[in-house]
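Sequence positions, counted from 1, serve as the residue numbers for this chain.
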Amino acid sequence: MDFDYSCISDVVDALGADSAQQYLNLGWILLNTVALPSGEDSCIVYSLGWNGMRGEAKRP
């Protein structure tokens with residue numbers, strides 16, 4: 001499935017699933033995930049994009 005990234009007007013990185021879910025609940029689109037090692041634990045970074053056709057980006 002191809003995605004047209006030209007409609008993305010804003011991008012944010014969210015640390016952790018709870019933070020990412022807040023953006024998703026507002027209508028943001030999940031673009032990518034990356035797991036970063038952090039000592040004994042790892043951290044997942046979620047990259048989310050806002051569809052500019054929906055107006056101004058909403059933030060939690």
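- The cluster map of Ile, Leu, Val, Met, Phe, Trp and Tyr, joined by side-chain heavy atoms under 4.5 Å apart, puts L26 and V12 in the same cluster.
- Applying the side chain to side chain donor-acceptor pair (under 3.5 Å) rule to D10 yields the partners R59; only residues at least two apart in sequence or on another chain are considered.
- Partners of Q22 under the side chain to side chain contact (heavy atoms under 4.5 Å, CB included) rule, at least two apart in sequence or in another chain, are P60.
- The shortest side-chain heavy-atom distance between N51 and S9 does not fall under the 4.5 Å cut-off.
- A search for side chain to side chain contact (heavy atoms under 4.5 Å, CB included) contacts involving S19 returns A14, Y23, not counting sequence neighbours.
- Pairing each heavy atom of I44 with each of T33, the nearest pair is CG2-CB, 4.4 Å.
- Scanning for side chain to side chain donor-acceptor pair (under 3.5 Å) contacts around N32 gives an empty result, with sequence neighbours left out.
- Applying the side chain to side chain donor-acceptor pair (under 3.5 Å) test to D18 and every residue at least two apart in sequence or in another chain returns nothing.
- The hydrophobic cluster of M53 has no other members, since no ILVMFWY side-chain heavy atom comes under 4.5 Å of it.
- Residue pairs satisfying the ring-ring contact (aromatic ring centres under 6.0 Å, His included) criterion with at least one member in residues 35-60, sequence neighbours excluded, are listed as follows: W28-W50.
- For S47, the side chain to side chain donor-acceptor pair (under 3.5 Å) criterion is met by D13, not counting sequence neighbours.
- Residues L48 and L31 are not in side-chain contact: their nearest non-hydrogen atoms beyond the backbone lie 4.5 Å or more apart.
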